[in-house]
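Because the structure is predicted, anything quoted here is derived from the model rather than measured.
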Amino acid sequence: MKKILSLLIAAAFLMIALSGCGTPTLTVSNHHLNANALAVTVKGKSNQNQVHYTVNNGPKKSVKTDSGAFVISVPTKNYQQTVKLTADGKHQTVTVAKAKVVASYQKMRASYNQALTGSALSMKDQKLAAGMAKQAAQLKKQSQALKSSKDTSVAAMQKKAQQAVALKQEAAKLKQTQAQLAPAMKRAKASVEDQLLPKKPQTGIHNLISTNKMVLRANLNGDKVLGIAMMVPVSSLKHKSELKPFIVSFSVLSESVGANSQHVLKEFQKQAKAKKSSSTTAPKFHSNGLLFSLGYSTSTLYVFITK
């Protein structure tokens, strides 16, 4: 009888222990994440097969666990986000800090496309285009000064009329030069057509440009650019003929978001050399308030631009 009682007690304790092993668990590595690159990664652990979550009380989503661990990717936004996680009654909350706006997409697009098209012109036509741009800026400045003049004396009005005629003549010459350059510009644009930024990109994280030499990905919220990732095959950086297109695209992209391209290229070269002699993570550098982060895989160079 004593043996039976002992067995029953042991069995009861075993059942209690086993029921404890089945208690749902849910933990996260961080409860607050700073905006980083295009998206942030929420990492955690659970003994359940699935973890359900919502972002800012949006649609309910789920992710499967792998060996008790899970990873959720949350695209950054220009506002704070709250990620609520549940696993069979267990709850966790993670906040994702808002991302700063890198640039206006349409302004970036106009600057990038114009500069990249210009780089495809011959050196002679590039000089001509640069001269035209300078002349157009001067004419605009002179025209604005003429309109703002409030002197209504006879002499001033006569001088103003003469200046207006001169400006009109210069504008006509500029228009004629633009017409001469138009065919070359059309050919240049056609040669880089697959490398130009689209007029109406999708909101969210999407590829803007995708060629065998470069992928340009961005996180967009309407006209707001929240982050950019430039991906280039490492193999293409080992040959001068293939390195030049990367330098041109990287330089044009840097300028189009407001960075100093000369400083960026100098820092990139310095950090790339440091990477060759070290196994540590490639460092970051700044230009005009923008953050450039480098990353490498065995086949790809990643350049992230955030603010």
Quiz item: Step by step, would you call Val42 with Leu33 a side-chain contact (heavy atoms from CB on, under 4.5 Å)?
Solution: CA-CA 8 Å; Val42 178; Leu33 296 169; 3.7 Å; yes
Quiz item: Taking atom CD1 of Ile247 and atom CG of Leu237, what is their separation to the nearest 0.5 Å?
Solution: 9.0 Å
Quiz item: Given Lys199 and Arg109, is the side-chain contact (heavy atoms from CB on, under 4.5 Å) satisfied, shown in steps?
Solution: CA-CA 8 Å; Lys199 187 175 182 180; Arg109 174 182 174 272; 3.7 Å; yes
Quiz prompt | Least distance between heavy atoms, Ala120 atom then Val192 atom | solution = CB-CG1, 4.0 Å
Self-check item: Heavy-atom check, side chain of Tyr302 versus side chain of Ser297, under 4.5 Å
Solution: yes
Quiz item: Quick one: does Ser293's side chain have a donor or acceptor within less than 3.5 Å of a partner on Lys284's backbone?
Solution: no
Practice problem: Using a cut-off of 6.0 Å, state whether more than 12 heavy atoms not belonging to Glu267 lie near its atom CD. | Solution: yes
Quiz item: Mind checking whether Leu26 and Val74 sit in one hydrophobic cluster, side chains of I, L, V, M, F, W, Y counted as touching below 4.5 Å?
Solution: yes
Quiz item: Hey, are the side chains of His31 and Val28 touching, using non-hydrogen atoms and a 4.5 Å cut-off?
Solution: yes
Quiz item: Any chance the side chains of His263 and Ser287 put a donor and an acceptor closer than 3.5 Å?
Solution: no
Quiz item: What do the steps show when you test Thr95 against His32 for side-chain hydrogen bond (donor to acceptor under 3.5 Å, both in side chains), and what is the final call?
Solution: CA-CA 5 Å; Thr95 59; His32 178 81; 2.7 Å; yes
Quiz item: Hey, does the side chain of Thr65 reach the backbone of Asn49 with a donor-acceptor pair shorter than 3.5 angstrom?
Solution: yes
Quiz item: Linking I/L/V/M/F/W/Y whenever any side-chain heavy atoms sit under 4.5 Å apart, do Val215 and Leu294 land together?
Solution: no
Practice problem: Can you see which heavy atom on Gly222 is nearest to which on Thr203, and at what distance? | Solution: N-OG1, 3.2 Å
Exercise. Might you work through the side-chain hydrogen bond (donor to acceptor under 3.5 Å, both in side chains) test for Ser254 and Asn260, ending with a clear yes or no?
Key: CA-CA 7 Å; Ser254 300; Asn260 182 318; over 6 Å; no
Quiz item: Between Val165 and Gln169, is a side-chain contact (heavy atoms from CB on, under 4.5 Å) present by the stated rule, with each step listed?
Solution: CA-CA 6 Å; Val165 171; Gln169 291 173 344; 3.9 Å; yes
Quiz prompt | Backbone of Met108 reached by a side-chain donor or acceptor of Ser111 within 3.5 Å | solution = no
Quiz item: Please, which pairs that meet salt bridge (Lys or Arg N to Asp or Glu O under 4.0 Å) have at least one residue in residues 212-239, sequence neighbours excluded?
Solution: Lys213-Glu242
Exercise. Could you tell me whether the side chain of Leu85 reaches within less than 4.5 Å of the side chain of Val83, counting heavy atoms only?
Key: yes
Quiz item: Does the side chain of Leu116 come within less than 4.5 Å of Gln195's, by heavy atoms?
Solution: yes
Quiz prompt | Closest approach of Asn219 to Leu38 (non-hydrogen atoms, all atoms of both residues) | solution = ND2-O, 3.0 Å
Exercise. Hey, could you give me the CD/NZ distance between Gln80 and Lys98, rounded to the nearest 0.5 Å?
Key: 9.5 Å
Practice problem: Mind listing the closest non-hydrogen atom pair of Val264 and Ala259 along with its distance? | Solution: CG2-CB, 4.0 Å
Quiz item: Hey, what do you get for NZ (Lys43) to OG1 (Thr27), rounding to the nearest 0.5 Å?
Solution: 13.0 Å
Quiz item: Residues two or more places apart in sequence or in another chain: which of them pass side-chain contact (heavy atoms from CB on, under 4.5 Å) with Pro201?
Solution: Tyr105, Pro198, Leu208, Leu220
Quiz item: Between Ile305 and Leu253, is any pair of side-chain heavy atoms under 4.5 Å apart?
Solution: yes
Exercise. Measure from the side-chain N and O atoms of Glu255 to the backbone N and O of Tyr112, and report whether any donor-acceptor pair falls under 3.5 Å.
Key: no
Quiz item: Is the distance between the ring centroids of Phe250 and Phe268 under 6.0 Å?
Solution: yes
Quiz item: Which atoms form the tightest heavy-atom contact between Thr76 and Val40, and what is the distance?
Solution: CG2-CG1, 3.8 Å
Self-check item: Hydrophobic cluster membership, Leu197 vs Val303, 4.5 Å side-chain cutoff
Solution: yes
Quiz item: Under the 3.5 angstrom rule, does the side chain of His206 hit a backbone N or O of Gly204 as a donor-acceptor pair?
Solution: no
Quiz item: Near Gln138 CD, under 6.0 Å, is it more than 12 heavy atoms from other residues, nucleotides or ligands?
Solution: yes
Practice problem: Would you sort out whether Thr86 and Tyr53 count as a side-chain contact (heavy atoms from CB on, under 4.5 Å), showing the intermediate values? | Solution: CA-CA 6 Å; Thr86 60; Tyr53 68 97; over 6 Å; no
Quiz item: Does Thr117 use its side chain to pair, donor to acceptor, with the backbone of Ala188 at less than 3.5 Å?
Solution: no
Quiz prompt | Main-chain N/O of Thr82 paired to Asn56 side chain as donor or acceptor, under 3.5 Å | solution = yes
Quiz item: Do Gln50 and Val63 have side-chain heavy atoms sitting under 4.5 Å apart?
Solution: no
Quiz item: Is it true that a side-chain atom of Thr211 and a backbone atom of Met214 form a donor plus acceptor pair closer than 3.5 Å?
Solution: yes
Quiz item: Looking at CD of Gln269 and CD of Gln271, how far apart are the two atoms once the value is rounded to the nearest 0.5 Å?
Solution: 11.0 Å
Practice problem: Indicate, with yes or no, if Phe246 and Ile209 share a hydrophobic cluster defined by side-chain heavy-atom contacts under 4.5 Å among Ile, Leu, Val, Met, Phe, Trp and Tyr. | Solution: yes
Quiz prompt | Lys77 side chain near Val96 side chain, heavy-atom distance below 4.5 Å | solution = no
Practice problem: Please round to the nearest 0.5 Å and tell me the distance separating atom NZ of Lys84 and atom OG1 of Thr93. | Solution: 6.5 Å
Exercise. Determine whether Leu216 and Phe304 fall in the same hydrophobic cluster, where Ile, Leu, Val, Met, Phe, Trp and Tyr are linked whenever their side-chain heavy atoms lie under 4.5 Å apart.
Key: no
Exercise. Determine the minimum heavy-atom distance between Ile205 and Ala39, stating which atoms define it.
Key: CD1-CB, 4.1 Å
Practice problem: Look only at the side chain of Ser62 and the backbone of Val51, and say whether a donor-acceptor pair between them is shorter than 3.5 Å. | Solution: no
Quiz item: Is there a side-chain contact between Lys64 and Phe70 (heavy atoms, below 4.5 Å)?
Solution: no
Quiz prompt | Asn221-Asn78 side chain donor-acceptor pair, cut-off 3.5 Å | solution = yes
Practice problem: Give a yes or no answer on whether the side chain of Ser251 reaches the backbone of Ser261 with a donor-acceptor pair at less than 3.5 Å. | Solution: no
